[in-house]
Amino acid sequence: MENSSPLLHADALIAEFQARGLFKDATPGLAAHLATPRTIYCGFDPTADSLHIGSLVPLLALRRLQLAGHRVIILVGGATGMIGDPSFKAAERKLLDAATLAHNVAGIQAQVTKLFADVPAGPLGKPLVLNNADWTQGVGVLEFLRDIGKHFSVNQMIARDSVKSRLERDDAGMSFTEFSYALLQAFDFHEMFRNEDLKCSVQIGASDQWGNMTAGTELIRKKLRGEAHVLTLPLLLKADGTKFGKSESGTVWLDAAKTSPYAFYQFWLNTSDADVEDYLKRFSFADYSKIEQLLAQHNQNPSHRLAQQSLAAELTKLVHGHEANERAWNLSINLFDNNVHAFSEEDFIQLSQEGGLPAAKSGSLALIDALILTELVTSKREARDFLKQGAIQHNGVVVTDEALELTPANAKYEKYHLLKRGKKQFALLVHG
RNA sequence: GGUGGGAUACCCAAGUGGCCAACGGGGGCUGACUGUAAAUCAGCUGGCAUCGCCUUCGAAAGUUCGAAUCUUUCUCCCACCA
């Protein structure tokens, strides 16, 4: 944050992106272009009402660019979301209905607005959150086909890797609708480029977006004789080759209502040693040298998980705020390092608070039903299965008795039942 | 509009009248070992219930003692040709 100097060291900026694993490819001349403040955008399709941590890579890259003296646009795809991006997708996708889409767009807009609220304005101003429906909706079909479609060669489009697999499969095809997605994305870039208030000339995105993004720079070159650039970020994979961004309980969302700050914190804390260096470099805003220092320390004794803790704390703070991070940290200490028997009543009150564990209120009931109520299991059969395997703990004790009843008598402070499934899944049942 | 192919659990995929709650693989979960890591090994992976029942193989109707498997109609997907 200290170098919000408007004078931009574009070469250094790009070198840093490279070092941090945030640079896969760029159009030639990008560095020179970034020597003066520019407007840079990245698009996000509203496939859900919240972004997830997969989107954090481009989001935080945008944040870096804004901090480096540029101005960024977070573009929510109210229009492109109507279509669905076919790039590298195996099959045609289901269309979202208009109401869902509107809901999703609103959700994401609110979310990113919050996420960028603390970012200072650069020479060109503060970050902007826009919706491409604003300039796409009113455009007529004929107008679009004549003015935009004319600049695209189908020969080139079908040659793209991003669609090739779809075209070559014999069990899946591609509709014209999805095929035209690239045109819409190019149109976005073109519109924001020629808009005098925006003059957006750079687009960033994941590497699978290369085709769609350069479609934009070409359109701008052909139609407006303008110079625009793109930068792609490498796809983030885990060391074991599996997808980044899933935890035991599924997708990790940025919305606290969908993924609690505690679960979010835990996700990062559980990063494997093999991945933590990669993640720190990409996600942390700490100086590069600080990160290397931290990693050196971490490697001396990986079991202390210094790197994971630092990563988890920084990101939880960034996404959910300082207080939520404190709570998540506290909760984690309590659940994993402390003995449930030593919990004070205050500890339990903490546990039951917002941003924490899944919790349920009820009168006395059977353990098996409690497990279902708290969603630790999905059926009674599964509950019995876990009980048999010794995977269920009640207030710190392994339970195998299928018939156990949870009552005030065996509750902590006559009120609390801390249930645990496996090593990491907790839930709280509160009487009253 | 025509011709051909297809729809099976989270995904891929076997099964073409009873031995099918449905092979196998992936994924996921759990246990052991650990550091809330990775790797490895083992178990589980439709539901209910004290081994018996219920629901499931795109949908509906039918044939049969008995269907994921046969018939009819319908829906959707794919390829090629118009």
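By convention in this document, chain letters (A, B, ...) are assigned in the order of the sequence lines, proteins followed by strands, and residues within each chain are numbered from 1. Below, all heavy atoms of this structure are taken into account, side chains as well, without hydrogens, waters or symmetry copies.
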Give me the distance, rounded to whole Å, that separates G15(B) from U69(B) when you measure between the P atoms they each carry. 15 Å
Say you pick atom P in G52(B) and the same atom in A21(B); how far apart are they, in whole Å? 13 Å
Could I get a table of every N or O pair under 3.5 Å where one atom is in the protein and the other is in nucleotides 46-55 of chain B?
unit_1 : atom_1 : unit_2  : atom_2 : d
G47(B) : OP1    : S379(A) : OG     : 3.0
G47(B) : OP1    : R381(A) : NH1    : 3.4
G47(B) : OP2    : R381(A) : NH1    : 2.3
C48(B) : OP1    : K380(A) : N      : 2.8
C48(B) : OP2    : R381(A) : N      : 2.8
A49(B) : OP2    : R384(A) : NH2    : 3.1

Ignoring the backbone of F386(A), work out which of C29(B), G31(B), A37(B) is nearest its side chain. C29(B)
Work out how far the P atom of U16(B) is from that of G6(B), and round it to whole angstrom. 14 Å
Salt-bridge criterion met for R305(A) and D273(A) (N-O under 4.0 Å): no
Is the NZ atom of K223(A) crowded by more than 12 outside heavy atoms at less than 6.0 Å? yes
So what stems show up for RNA chain B if we need 3 or more Watson-Crick or G-U pairs in a row, all under 3.5 Å? B:1-7 with B:75-81, B:10-12 with B:24-26, B:27-32 with B:40-45, B:46-48 with B:52-54, B:58-62 with B:70-74
For F336(A), report the nucleic acid contact type (base, sugar-phosphate, nothing); a contact means any heavy atom under 4.0 Å. base
Given the P atoms of G58(B) and C41(B), what is the spacing between them in whole Å? 36 Å
Sugar-phosphate only, base, or nothing, as touched by A391(A) at under 4.0 Å among non-hydrogen atoms: sugar-phosphate
Mind calculating the distance between NZ (K424(A)) and P (G31(B)) to the nearest angstrom? 10 Å
Assess the side chains of D45(A) and T47(A): does a donor N or O sit below 3.5 Å from an acceptor N or O? no
W268(A) and F244(A) aromatic ring geometry - parallel, tilted or perpendicular at 30°/60° bounds: tilted
What nitrogen or oxygen pairs link the protein and nucleotides 80-82 of chain B at under 3.5 Å?
none

Residues in salt bridge (charged side-chain N to carboxylate O under 4.0 Å, His left out) with D134(A), at least two apart? none
Using atom P of each nucleotide, how far apart are C70(B) and C78(B) to the nearest Å? 24 Å
NZ (K222(A)) with more than 12 external heavy atoms under 6.0 Å: yes
Between U36(B), C44(B), U30(B), which nucleotide has the shortest distance from any of its atoms to the side chain of Q266(A)? U36(B)
Closer to the 5' end of RNA chain B via nearest nucleotide, is it G422(A) or S175(A)? G422(A)
Taking 4.0 Å as the cut-off, does a side-chain nitrogen or oxygen of R421(A) come that near to OP1 or OP2 on U30(B)? yes
Which residues satisfy the salt bridge (charged side-chain N to carboxylate O under 4.0 Å, His left out) test with D385(A), sequence neighbours excluded? R381(A)
Could you go over nucleotides 32-35 of chain B and give all protein N or O partners under 3.5 Å, atom names and distances?
unit_1 : atom_1 : unit_2  : atom_2 : d
C33(B) : N4     : K423(A) : NZ     : 3.1
U34(B) : O4     : K423(A) : NZ     : 2.9
G35(B) : O6     : D273(A) : OD2    : 3.0
G35(B) : N1     : D273(A) : OD1    : 3.4
G35(B) : N1     : D273(A) : OD2    : 2.6
G35(B) : N2     : D273(A) : OD1    : 3.1

Determine, using ring centers only, whether F23(A) and F17(A) are less than 6.0 Å apart. no
